[in-house]
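To start, the structure itself, in structure tokens.
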Amino acid sequence: MQYKEVEGGICAPKGFAAAGVHCGIRANHSEKYDLALIKAEVRCAAAGVYTTNKVCGAPIKVDRAHLADGYAQAIVVNSGNANTCNENGIEIAEQMCELTAEALDIDADDVLVGSTGVIGQPLSIKPIKARIPTLAKELSSKKSSEACEAIMTTDTRKKEIAVEFEIEGRKCHVGGISKGSGMIAPNMATMLGFITTDVAICHELLEKALRKVNSLTYSMVSVDGDTSTNDTLILMSSGLAKNPEITCEDKNYEKFENALYAVMMNLARETARDGEGATKLLECIVKGAPDENTAKVVAKSVISSSLVKAAMFAADANWGRILCAIGYAKADFDITKVSVELASEKGKVTVCTNGAGVSFSEESASEILSEDEIKVLVDLHCGEGEAIAWGCDLTFEYVKINAEYRT
């Protein structure tokens with residue numbers, strides 16, 4: 001099955017438009033877009049996945065209620081303020097939905113809302129209310145990038161992608177935008193992610209695909225081990241590709257699921273690459289595990305280790321830290337069978353076999369680790385289970401960014 005990357009981001013699927021504007025939520029960002037809108041021509045089958053943090057943003061509570069019937073038509077999002085731990089947070093989130101619904105002439109219950117930024121700071125509806133009419137007028141199938149920019153906080157690059165493929169001779173698309181750079185742990189990890197598709201698929205399978213693919217992508221990312229209060233991942237399907245509706249887990253469902261994986265894997269990977277202060281993308285590939293879950297636990301353990309991340313920043317092949325992280329992973333396997341290799345475009349070096357160190361060139365290893373994409377290859381030699389997790393190095397800049405976050 002061929003999946004071709006195409007232009008358009010979240011607007012590549014038929015029936016979707018987007019926009020982004022500046023409304024002035026943060027006084028020290030006088031020009032930055034900070035309010036985004038995504039809108040479908042029709043009511044869409046929709047599904048969501050949210051943070052597991054007990055402290056969650058008001059928008060998540062509103063979205064759970066609005067998605068209870070499995071349908072949505074628009075998403076309004078602000079950056080600069082998380083609308084979390086605010087006394088009137090629910091009221092503000094509902095007002096954002098109501099104002100958007102009025103501007104689009106749709107039902108407020110079909111509007112979802114997202115917020116990202118500083119936690120525990122009051123959010124005024126006034127600047128948002130003033131700009132929503134303009135935001136609605138700016139909607140265009142060419143403005144995925146503007147919406148993507150509007151949801152960014154400490155991100156240094158936009159994260160958007162779309163793919164095209166065929167189901168029963170009909171051209172279909174999956175597209176998405178995402179934000180996330182800090183406060184990201186392998187327990188959801190999106191911060192904010194919005195995915196659209198024009199594939200006709202029933203709500204039950206749409207939700208099933210989203211949860212499965214999320215477990216293999218966003219939930220396998222860690223920047224700093226902190227699970228956000230506002231993680232929100234929304235998937236909407238317009239059905240306008242006019243393919244025969246997918247109602248069972250057949251070959252067409254598999255095609256859709258694979259396309260969804262292609263989009264979400266790329267967005268998740270870019271989230272890790274864009275970790276706050278990061279200079280390197282880390283990819284831990286685990287194979288030979290007793291089962292997939294064991295492989296996932298081990299891969300997450302390695303990319304979440306602060307000591308491993310710091311060593312990678314310094315291009316130091318301190319393999320003992322990697323083995324240590326493998327060893328404290330909450331899973332059952334024989335550590336005396338484990339092997340570890342480090343790889344990049346500069347080559348590959350074996351640093352551990354049968355749970356013990358082997359002789360290798362520190363100079364060659366350092367050269368390999370000096371690249372901006374590093375692979376940590378772990379073989380447990382205990383079965384057929386495999387998994388991939390993504391992270392980044394831990395740098396001086398990460399501390400600086402978070403020490404000065406509110407200033």
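Throughout, numbering of the chain's residues begins at 1 and tracks the sequence.
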[X]-[Y] side chain donor-acceptor pair, cut-off 3.5 Å:
X    : Y    : value
N78  : S115 : yes
H66  : E94  : yes
S219 : N214 : yes
T350 : E341 : yes
E270 : S178 : no
T116 : K179 : yes
D274 : T156 : yes

Can you name the nearest heavy-atom pair linking [X] to [Y], along with the distance?
X    : Y    : answer
G9   : A162 : O-CB, 3.5 Å
A356 : W319 : C-CH2, 4.0 Å
K61  : C56  : CE-SG, 3.7 Å
Y253 : L205 : CE1-O, 3.7 Å
A311 : N318 : CB-CB, 4.2 Å
C392 : V223 : SG-CG1, 4.0 Å

*State plainly whether the residues K287 and E386 are in salt-bridge range, i.e. N to O under 4.0 Å.*
no
*Test: K251 and E254 ion pair at under 4.0 Å*: no
*Test I10 against every option in T196, V263, V174 by the side-chain contact (heavy atoms from CB on, under 4.5 Å) rule and name the one that passes.*
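So the option named by the test is T196.
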Counting distance only, does the side-chain N/O of [X] pair as donor-acceptor with the main-chain N or O of [Y] below 3.5 Å?
X    : Y    : answer
D198 : C172 : no
D34  : S79  : no
T395 : G277 : yes
S222 : G391 : no
N86  : Q121 : yes

Look up atom [atom1] in [X] and atom [atom2] in [Y], then write down how far apart they are to the nearest 0.5 Å.
X    : Y    : atom1 : atom2 : value
K348 : L342 : NZ    : CG    : 11.0 Å
Q73  : K39  : CD    : NZ    : 5.5 Å
Y50  : I234 : OH    : CD1   : 4.0 Å

*Just grab all the side chain to side chain donor-acceptor pair (under 3.5 Å) pairs involving residues 292-312, residues at least two apart or on different chains.*
D291-T294
*So which pairs with a foot in residues 99-113 pass side chain to side chain donor-acceptor pair (under 3.5 Å), sequence neighbours left out?*
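The answer is R43-D110.
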*asked:* The test is side chain to side chain contact (heavy atoms under 4.5 Å, CB included); show your working for V77 and F194 and say whether it passes.
replied: CA-CA 10 Å; V77 191; F194 306 109; 3.6 Å; yes
Using a cut-off of 6.0 Å, state whether more than 12 heavy atoms not belonging to [X] lie near its atom [atom1].
X    : atom1 : answer
E362 : CD    : yes
F396 : CZ    : no
E373 : CD    : yes
Y71  : OH    : no

*How would you list, by chain and number, every residue that makes a side chain to side chain contact (heavy atoms under 4.5 Å, CB included) with K242, sequence neighbours excluded?*
R170, L240
*Measure the acute angle between the ring planes of F165 and Y3, then classify it against the limits of 30° and 60° as parallel, tilted or perpendicular.*
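Plane angle between 30° and 60°, so tilted.
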*Determine whether L369 and M312 make a side-chain contact, defined as any pair of heavy atoms from C-beta on separated by less than 4.5 Å.*
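Yes, at least one pair of side-chain atoms sits under 4.5 Å.
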_Which residues pass the side-chain hydrogen bond (donor to acceptor under 3.5 Å, both in side chains) test with K4, not counting sequence neighbours?_
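Counting only residues at least two positions away or on another chain, K4 forms no side-chain hydrogen bond (donor to acceptor under 3.5 Å, both in side chains).
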_The criterion is salt bridge (Lys or Arg N to Asp or Glu O under 4.0 Å); which residues satisfy it with K14, sequence neighbours excluded?_
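None.
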*Got a sec, which pairs hit salt bridge (charged side-chain N to carboxylate O under 4.0 Å, His left out) with one end in residues 204-225, sequence neighbours left out?*
E207-R211, K208-E249, K212-E257
